[in-house]
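This report concerns only the one structure given below.
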Amino acid sequence: MDDFFDIGEPIRPLASMASPAEVLRKDLERTMNPEQLNAVLNNQGPLLVLAGAGSGKTRVITHKIAWLVEAVGLMPWQILAVTFTNKAAAEMRERTEKLLGERAKDTWIGTFHSTGLRLLRRHAELVGRTRDFVVYDQDDRERLLGKVMKELNVDKEYLSPKKASYYIDDQAHLLRGPGHPELPMELPIDKTCAKVYAAYEDAKTRANAFDFSDLIVKTVQLFEKHPPVLSEWQYKWRYVMVDEFQDTDRAQSHLLRLLAGDAANLCVVGDDDQSSYRWRGADVRNILDFPDTFPGREVAVVRLERNYRSMGNILKAASSLIRRNTARHDKSLWTEKPAGELIRVFAAETEGGEARWVLKQLLDRRRAGTPLNEVAVFYRTHSQSRVFEDVLRMEALPYIVVGGLKFYERKEVKDVLAYLRLVHNPADDVALLRVIDSPPRGIGDKTLERVAELGSATGTSLFEAMELFAQSREGSRSRAAIERFRGQVQGLRVVAERNADALAVARAVLEDTGFADWIKKDTTLEGQGRRENVDELMLSIEEWRARNSDRSLTAFIDHVSLLTSLDQDARGQAVTLMTVHAAKGLEFDTVFVTGLEEEVFPHFNSKEEAALEEERRLAYVAITRGKERVYLSYARSRQRFGRTDVNMPSRFLGEIDPTVLKPESEFGGSRAFSGSAGWTHGATSRPSVRPDLSTLQGLAGRSTGGGWAASASKASSGSSASSASASRPSHGRSLDYADSQVGGGGGELVGRQVVHPRFGRGKVLKVEGNGEDARVTVKFPMVGEKTIIARFLQAV
DNA sequence: GCACGCATATTTTTT
DNA sequence: ATATGCGTGC
């Protein structure tokens, strides 16, 4: 198949009319720099494209696909393009469609995991599963591990399911299955892990399930054990392209090599400076050593070093930072863009002050005409999002938190999905255990234990064991309960068979199992939230159904299994809040990199040199997301765990070329950010730069002096306190918690009119707790009842 | 068997 | 501070 290609020369036009290939070539020559063009046109054998941040990488990949089709003559379905996230895959598909139109639909563009899933579905029987197998996520896996470890009598204190899960992932990334000779065996805990690993593997097989790692590892296994299958796919996929190659682990790069075969028409694109998944098994060596890994073959290397994204100063800041790393391909980005503004570095007292500063800059940007969806706030960990959410909500600015609370991970949502999975695959013990008491149906631990015993005695799934149990003469009450449950599931299976539509099955699940009635009965606020979530799930099934031609239960389950919260698309004009990890591959006009403190960013768990370099790469990724403006910020003290931590400014701040930075602080003036000497204790100093509080809604006419200075002086009391004091008008018409004694005689508040920045005016129905953190239930005319933390309300 | 209440760990990043 | 897990009482 090597000679399938005779590339480099476009197909000759038949007539004098320009062929699509010629048009494309002209277009490429006009719009691409020489390196990009080189990357697009080089199509024989292995190619490494070292694509610096903002160097037009996605453009190269999509145009390369177009070129392969238009000029080289490949059929779209002969191209495989792999990325890491669904989001990146979606963008690639979209942009390829712009170039190729409908034909792009035949190109397989997917994530590593979706590609693996697809292959495994096709050949399930060769890897010890039936085609109905399911995919276990982290949660399912830990449940199954818990079950397995219980059976093995492994003490959870000694080895937690979570630890076991990490262990399994570590081994899987190295392609070591259970029983592999290289599994660590020195310590007693290693032996326990190995034992658990083997038992877990068996349990997965019995449950007809794969976990995330399996999607890669078992695909590799499939290919290695069944060369004809591998040949089949190698023959189909003539060209393989990979994005974010720096984040591949050993199993993934091995899989790629298998797929590429002897022809090795494999193009990997990546940037070692942006590698950030070490903890997930990513091995930077995959990209660093790529040129040397094809014995006897020349590996072409193209470097994309021209940055089209960021202003000069931003690039300078990023480059000066990343230069501190040692393990990297040498390269230097350049741009023709002007230097642009200096990068402002803000020193706040508390994370609340940091958030308010970000908010102020954000409002300034909005006034200047920057659309909100071009603004992003980055932080190292999810938990940092909250303060920003608080201030944005106060200001009624729309925002999206990427990641964080994951819709598909909510309990009730997972419950419904577990029902679907169980209907689809009754051997799925994890799903069964999940739904068995939702709603409660009189099947308790005792009964379940007996069923489980039957199951392990006969080597069958719990569901099958239930049938045996029903035939036995065990206690009649539990037997009836089990029978009823089995009947429900069987009934649902009939629905599924009669009507293969996922939506119909989901509806039947809600009705027939009593799940809908059960959550309807719960009148608490959480219950209401749960109902809303289930409604939203049904809605999302409908949406999915409208978009897809394959509406089967299997298709839906696959779709959901691989979904992540990163996939929700930014709708409309909203500020984006996300972790730095989630930011990879994106760009924004304006970027805030927050929490630049030691212990936070770099993270306290990353002290070791290699880990620290990864943290630095993360900071590099963050900064290079910005097109026009980048703001950096840190807080002297930060709430964490309920405690107040005082941290030094991040070492990264000191590593950036100081000539592009413009330091400022909560109390005015500029200040060096090396060492704690930079800190003054704010209690006594009068703020010379106060945040522009007049911008906060409903604060016009507040007294000067008061709130801010007060909150600064008690900085350690935390974000909620300071944001409350900032938001509370100092006189008159506020919800004055202390005076109205919400806790004790809080009745006074009930019935009063209040205003919420987003929901508008409403009437207080109920107050729980006291002080600014009291939970106040308010009835709003438009949105109905909501429970809101007191500090976000204002009395009228 | 189930609901409620208290205690505990949890926070790095994700397919 | 919050979510989850475990124990106790109905």
Side-chain angles (χ1 to χ4, degrees), chain A residues 82-89 110-117 135-139 141-142 146 156-157 160-162 165-166 169 172-173 210-217 244 247-249 251-252 275-282 378-387 402-406 408-411 436-448 475 477-478 481 522 524 526 561-567 578-584 595 599-607 611 614-615 617-619 621-622 638-645 718-720 773 789:
Chain A
V82 191
T83 65
F84 271 88
T85 65
N86 296 306
K87 193 173 180 175
T111 63
F112 275 100
H113 292 83
S114 67
T115 307
L117 176 56
V135 180
Y136 279 180
D137 68 9
Q138 191 60 32
D139 186 59
R141 168 193 258 187
E142 280 172 32
K156 264 199 249 169
E157 302 292 316
S160 68
K162 190 164 244 135
S165 172
Y166 286 142
D169 262 341
H173 290 140
F210 283 129
D211 59 25
F212 275 128
S213 295
D214 286 335
L215 296 182
I216 312 299
V217 173
E244 308 285 8
D247 289 328
T248 50
D249 61 31
Q252 287 160 336
S275 170
S276 60
Y277 287 96
R278 218 173 69 95
W279 48 273
R280 199 174 68 186
F378 300 150
Y379 34 78
R380 178 64 178 79
T381 65
H382 281 303
S383 57
Q384 291 166 249
S385 74
R386 226 189 122 163
V387 214
V402 178
L405 38 126
K406 305 171 180 181
Y408 285 98
E409 283 173 19
R410 287 182 206 157
K411 185 182 175 301
I436 194 84
D437 57 354
S438 321
R441 32 169 79 85
I443 303 174
D445 291 342
K446 252 312 189 5
T447 311
L448 220 47
R477 212 166 80 189
S478 49
D522 185 353
T524 63
E526 293 82 43
S561 303
L562 298 180
L563 263 189
T564 71
S565 47
L566 298 186
D567 299 325
M578 62 173 122
T579 63
V580 179
H581 280 86
K584 190 183 287 186
E599 312 299 311
V600 177
F601 197 2
H603 194 266
F604 69 96
N605 248 355
S606 305
K607 296 270 195 261
E614 176 142 316
E615 295 287 310
R617 289 194 292 268
L618 274 174
V621 168
R638 181 177 294 277
Q639 297 292 118
R640 212 174 105 99
F641 241 5
R643 299 249 121 240
T644 301
D645 285 352
S719 67
S720 53
D773 290 323
I789 304 299

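These values consider heavy atoms only, across backbone and side chains, with no hydrogens, waters or symmetry-generated copies.
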Protein-nucleic acid N or O pairs under 3.5 Å, nucleotides 2-6 of chain C:
residue : atom : partner : partner atom : Å
dT2(C)  : OP1  : R386(A) : NH1          : 3.4

Dump every N/O contact between nucleotides 10-12 of chain B and the protein below 3.5 Å, one line per pair.
residue : atom : partner : partner atom : Å
dT12(B) : OP2  : H603(A) : NE2          : 3.3
dT12(B) : O4'  : H603(A) : NE2          : 3.2
dT12(B) : O2   : R380(A) : NH1          : 3.1
dT12(B) : O2   : R380(A) : NH2          : 2.1

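dC6(C) sits 22 Å from dT11(B) when the C1' atoms are compared, rounded to a whole Å.
What separates CZ of F84(A) from P of dT15(B) is a distance of 11 Å, to the nearest Å. Between Y136(A) atom OH and dT15(B) atom C1' there is a gap of 18 Å when expressed in whole angstrom units. One interatomic measurement links the two molecules: CG of D249(A) to P of dT14(B), which rounds to 17 Å at whole-angstrom precision. Distance Q384(A) CD to dT13(B) C1': 11 Å, rounded to the nearest Å. Rounded to an integer number of Å, the gap from E614(A) CD to dT13(B) C1' is 8 Å. Rounded to whole Å, the distance from CZ on R141(A) to P on dT14(B) is 17 Å. Rounded to whole Å, atom C1' of dT15(B) lies 9 Å from atom OH of Y277(A).
Remark: Q384(A) pairs with T381(A) by the side chain to side chain donor-acceptor pair (under 3.5 Å) rule, at least two apart or across chains. For F112(A), the ring pair (Phe, Tyr, Trp, His ring centres under 6.0 Å) test picks out F84(A), with sequence neighbours left out. Here D211(A) pairs with R141(A), Y200(A), K204(A) under the side chain to side chain donor-acceptor pair (under 3.5 Å) rule; sequence neighbours left out. Not a single side chain to side chain donor-acceptor pair (under 3.5 Å) links Y379(A) to another residue, sequence neighbours left out. Every residue two or more places apart in sequence or in another chain was checked for a side chain to side chain donor-acceptor pair (under 3.5 Å) with T579(A), and none qualifies. Under the ring pair (Phe, Tyr, Trp, His ring centres under 6.0 Å) criterion, F210(A) pairs with F133(A), sequence neighbours left out. Among residues two or more places apart in sequence or in another chain, the side-chain contact (heavy atoms from CB on, under 4.5 Å) test is passed with A481(A) by I443(A).
Side-chain contact of E615(A) with S606(A): a donor-acceptor pair under 3.5 Å is present, judged by distance alone. Looking at S276(A) and E614(A), their side chains never bring a donor and an acceptor atom within 3.5 Å of each other.
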